[in-house]
Each structure stands twice: as C-alpha cells, then as structure tokens.
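Quick one: this structure, given as structure tokens, is what I'll be asking you about.
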Protein chains: 2
Amino acid sequence: MSKPDTSPASASNGGEHKVSRASVGRFSLYLRHLERLQREGLQTISSGQLGDALGITDAQVRKDLAYLGSLGQPGIGYQARELVDALRAYLGIDRQWATVVVGIGNLARALLRYRGFERQGFRFAALFDTDPAKIGERVDGLEIRGLDAMARIIKETGAELGVIAVPADAAQEVANALVAAGIRGVLNFAPTVLRLPSTVRLVAVDLAVQLEQLAFLVHLGQDKPIGP
Amino acid sequence: MSKPDTSPASASNGGEHKVSRASVGRFSLYLRHLERLQREGLQTISSGQLGDALGITDAQVRKDLAYLGSLGQPGIGYQARELVDALRAYLGIDRQWATVVVGIGNLARALLRYRGFERQGFRFAALFDTDPAKIGERVDGLEIRGLDAMARIIKETGAELGVIAVPADAAQEVANALVAAGIRGVLNFAPTVLRLPSTVRLVAVDLAVQLEQLAFLVHLGQDKPIGP
DNA sequence: GGATGTGAACGACTTCACAGCG
DNA sequence: CGCTGTGAAGTCGTTCACATCC
C-alpha cells in the first residue's frame, strides 16, 4: 500500500535522458526569450545575459544549455539562431501537435484565444463539451462537439494531446475517454488528481493550489525580505 | 553578472521554516482531498490511504504531515478534522485574503467563476482593466475599474494579493503598479518573467510552458511506459 | 579579457527501514 | 498487529570554481 503505479500528481516521469526535469521548464523560457531577442535583431547572447533576463544564474544557464550540445563559443556566447533551433528540436516542438480541448468554458476560451500556442506548433483540432446548449456553437472557427464524437474525431484528426478544462467531478471520466481514444498526453486544469496509465503523459495545472501557495508565501514571509 | 537579486522565475523563496517547498503544493492537495472525505463522513485516514488517493508514497505523506506536529496516532491514522484545521492554519488560509484581478478576459472570468476559491478563504475585492469598453461592466457582482483607480481601491479594500491576467507586454507595468499600491503577493498568468522587489511574493503560472512541457514528455517518452 | 563547459561540493528532496506506540 | 515518526541512505538539482578556448 504505497508506491504509486499510475501517474501521480503533477507531471509524469519521462525516460532516461540526462536532463533534469526542472530544466525542461526553463528551456521553454529560454526559447521564448530568445525568439523575442531574435525579432529585435540580436544574434549573440551570453549565459549571463540570458540568466539576468530570466532570473537564473549564469552557471545554471550553461548547465542547461550544455544538454543541447556544445553550442557556445568561449569568449563570445551563443548564436541565438542556433539555440532556438536546438531548443525547438529538443522540446519536440519542431513539428505540429494536434490538440483537442474538452470543456469549453472561459478557461478553454482563454487558451484558444492565446495566439502563442500555434506559434509553438500547437494546433487545436477539435473541441468537446457535454452541454447541449454549447454543442454546435463555433469558437475560434471550430465547432463544439459532443463527447460521443470524441473517439472518432481524435482518430480522424490524429490528435495526440488533450486539454481537460471540465469541473473536477467530470475530469477522471473525460480523461479515461481521452485515453481510450488514443491520446498520448493530457494537460489537466481540473482541480483533482487524475490517474492515468503510465503510457500517457500528464501535466497538471491546479489553479487552486497555486493561489494557496501564494497565500502561504505571503503568510510566511510577512515582512522580511528574502535573500541570505 | 549572475546571482539574481529580484524574485526569479516561478516562485519566490520564503523564510527559513523547515518545510520543503515542494511539500507546500502537496499540502493544498491533502487539504482538498481531506475536505472531500470529511463531507463524505470519513473521520480517520492513514498515510497510505491519503497517498494512494493522490499518487504519493505513504512515507512522503508522513514526512509532510510531521511538519504540522505529531497529529497521527500509531495503529490508527490521522483525524481528518484535526488535519484539516492544522493544514488551513499552516497554509495561512484560516483567514480571508482580499484579492484583486487585473485584466478581465476569459482567464480572469474563469477564475472568478470558480467557487472553490472563496471556500478556501479568497475573496475577490476588485477588478481592473484598461479597456474602456469593459470599464463599468459588472462581472460576478463586481464592477470593472480603470487602472487609475487601482492604488486607491487596493488601499481601501486592504487587498493583499493580485492576479495578473493581462497580455505579456503589459504585465511588468501592471506588476509595478500593484507593488506600488502595496500588494504583497502576485499570481502571474502572463507569459513573461516578472521582476519584483524581494518583499513581494510571486507565483507564476505559465500556460505556454506547461503545454510545451507536455509535448516534451510525449515526444521523449514515445512508446515506452515509465517505471523502473 | 571574456565566456564556455564541467568536475566537485553542496544542498534539497525523497525513499528506506525500523523502533516504538496504541 | 497496524500505523506513525524519524534517522540514515539515496537521489536529484544547483552552485562553485576553474581549466580551457577564442
């Protein structure tokens, strides 16, 4: 009665690559910042500059980037272009990811409206909801469908990622249906802990937990500043 | 040119309590699950049961709960009631937290609609937006105000937490205004890294990063399951 | 000089394993 | 006997410091 066998809490374990899990989150930040700098015409950047912009130490940046290979030039820094390409390839977003969304409330609409996703290779392929009043409605050019159409449409579109934005009490059921339809990764916004087979990857974003974490930090910190 | 001095990436450091940062997130999960069990009439629970429900090992649960004091009874388990009280006190949500939201788009509306927050002691005290078309509109019983009213209203309401749900290019400016108005903690949803003075706590929820993390895990894991 | 890449030290978190209590 | 609390061991992630290269 202990070792969890299905994917636990917040993100499921990966293979045996040598990257620290934490660094993957930073890769996304590096990438976004670099793309911005590139648009501004910058071509070269050092670990110190990158770190300063993101609130990370230079050593950490170098350790992270070393996973991508020896891209840096001593005395110079990194070529933004090269880094961007390497990061996109490493993260697996050098291709399209067809994504479906279940539960088309305000949260889903916020996601659908955010244009940053397509730029990073995510393409919304279908929307689902149980509410008969919503079915048939078009959001962002996509028609909302009933859950009964899910298995078929996921197969037709070849969607691999699913976003769950339904109330907590419906989330596990929706997750099961997504898994049954062949989805390979789930992004869960419902305030509940999902159990998935270990072949399906899970990332959970629990807004209630985040807000409580903030309250805790403020509660704890009271007046004192941080630092050593 | 290295050690970041303002609050970095995803969550700002706290004081010197002995709790691991990671465990704080789990505390919220414990609390929510326990409250549910309580509503179902359960009174006693063991570390193994709690862990199983949340995908955590029993040892981890005991280590976490030990920070709250010696609440467990060997051979029996924990009293749900006692745990809930201790968790709420520990997290600092045994009181009200007046919270303001800036940027009233779909994301903000999703938060405002979620009833779980008030149950945990969060009370939305005011809403702000720059869009003249939205100012004056009522959402969830609250009137949307312009940013110019922010400093005054935050002081009047005594709000301590601020949620940023504006586009990336406006986020830092909004954060500065919140800090100037005396806010003590910021929950940032904008896809950018904020810099805040070290007296102000920060929790960042970067949806683009989460989705990319999921793609990475699927990309990486390809077919193989997890396990050792 | 300026910046990278990296072993080694350090620190944080998790799991093990078991004594001890109800 | 079942379950807690906790040192000890183990694992993971970050920082330091420096040899190395342009």
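A note on names: the letters A, B, ... follow the listed sequences, proteins ahead of strands, and every chain is numbered from 1.
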Could you tell me how far apart Asp58(A) (CG) and dG2(C) (P) are, to the nearest whole angstrom? 14 Å
Taking atom CD of Gln96(A) as the centre, does the number of heavy atoms from other residues, nucleotides or ligands within less than 6.0 Å exceed 12?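 Result for CD/Gln96(A): enclosed.
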Could you list all N or O pairs between the protein and nucleotides 7-11 of chain C that sit under 3.5 Å apart?
from, atom 1, to, atom 2, distance (Å)
dG7(C), O6, Lys63(A), NZ, 3.0
dA8(C), N6, Lys63(A), NZ, 3.4

Base, sugar-phosphate, or nothing for Ser23(A), non-hydrogen atoms under 4.0 angstrom?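 Ser23(A): no heavy atom of the nucleic acid under 4.0 Å.
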Using OP1 and OP2 only, check whether a side-chain N or O of Ser47(A) sits under 4.0 Å from dA3(C).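 The answer is no; no side-chain N or O of Ser47(A) sits under 4.0 Å from OP1 or OP2.
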Holding to side chain to side chain contact (heavy atoms under 4.5 Å, CB included), I want the full list of residues that pass it with Gln172(B), two or more places apart in sequence or in another chain. Ala175(B), Asn176(B), Leu194(B), Arg195(B)
For Tyr114(B) and Phe117(B), take the angle between the two ring planes, folded into 0 to 90°, and tell me which bin it lands in: parallel under 30, tilted 30 to 60, perpendicular over 60. perpendicular
Judged by atom type as modelled, is there a donor-acceptor pair below 3.5 Å linking the side chain of Arg32(B) to the main-chain atoms of Pro191(A)?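 Here the side-chain-to-backbone pair exists.
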Tell me the interatomic distance from Leu68(B), atom CG, to dT6(D), atom P, rounded to whole angstroms. 12 Å
Set of residues satisfying side chain to side chain contact (heavy atoms under 4.5 Å, CB included) with respect to Arg81(B), sequence neighbours excluded: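 By the side chain to side chain contact (heavy atoms under 4.5 Å, CB included) rule, Arg81(B) matches Gln38(B), Asp85(B).
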Can a side chain N or O of Arg26(A) be found less than 4.0 Å away from OP1 or OP2 on dT14(D)?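 For Arg26(A), the contact criterion (side-chain N or O under 4.0 Å from OP1 or OP2 of dT14(D)) is met.
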May I ask you to test the Tyr78(A)-Gln49(A) pair for a side-chain heavy-atom distance under 4.5 Å?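 No. Closest side-chain heavy atoms not under 4.5 Å.
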Taking side chain as C-beta onward, heavy atoms only, is Arg26(B) less than 4.5 Å from Leu54(B)? no
Enumerate the residues from residues 36-44 of chain A whose closest heavy atom to DNA chain D is under 4.0 Å, giving them by residue number; use none for an empty result.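 DNA chain D contact set from residues 36-44 of chain A: none.
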How close or far is atom P of dC3(D) from atom CG of Asp52(B), stated in whole angstroms?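 In whole Å, dC3(D) P lies 11 Å from Asp52(B) CG.
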Only counting residues at least two apart or in another chain, list the ones meeting ring-ring contact (aromatic ring centres under 6.0 Å, His included) with Phe189(B). none
For the pair made of CG in Asp64(A) and P in dG5(C), what is the distance, rounded to whole Å? 12 Å
What is the ring orientation for Trp97(B) with His219(A), classed by angle as parallel under 30°, tilted 30 to 60°, or perpendicular over 60°? perpendicular
Please list residues of residues 73-85 of chain B whose heavy atoms come under 4.0 Å from any atom in DNA chain D, ordered by number; otherwise none. Gln73(B), Pro74(B), Gly75(B), Ile76(B), Gly77(B), Tyr78(B)
Can a salt bridge be assigned to the pair Glu160(B) and Arg201(B) using a cut-off of 4.0 Å between side-chain N and carboxylate O? no
Between C1' of dT6(C) and CG of Leu71(A), the distance in whole Å: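 Going from Leu71(A) (CG) to dT6(C) (C1'), I get 16 Å.
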note: Leu50(B), atom CG; dG5(D), atom C1'; distance rounded to Å ~ 16 Å
d(CD, Gln60(B); P, dC12(D)) in whole Å: 14 Å
Taking the side chain as everything from C-beta on, heavy atoms only, tell me whether Val100(B) gets closer than 4.5 Å to Leu178(B).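 They are in contact (side-chain heavy atoms under 4.5 Å apart), so the answer is yes.
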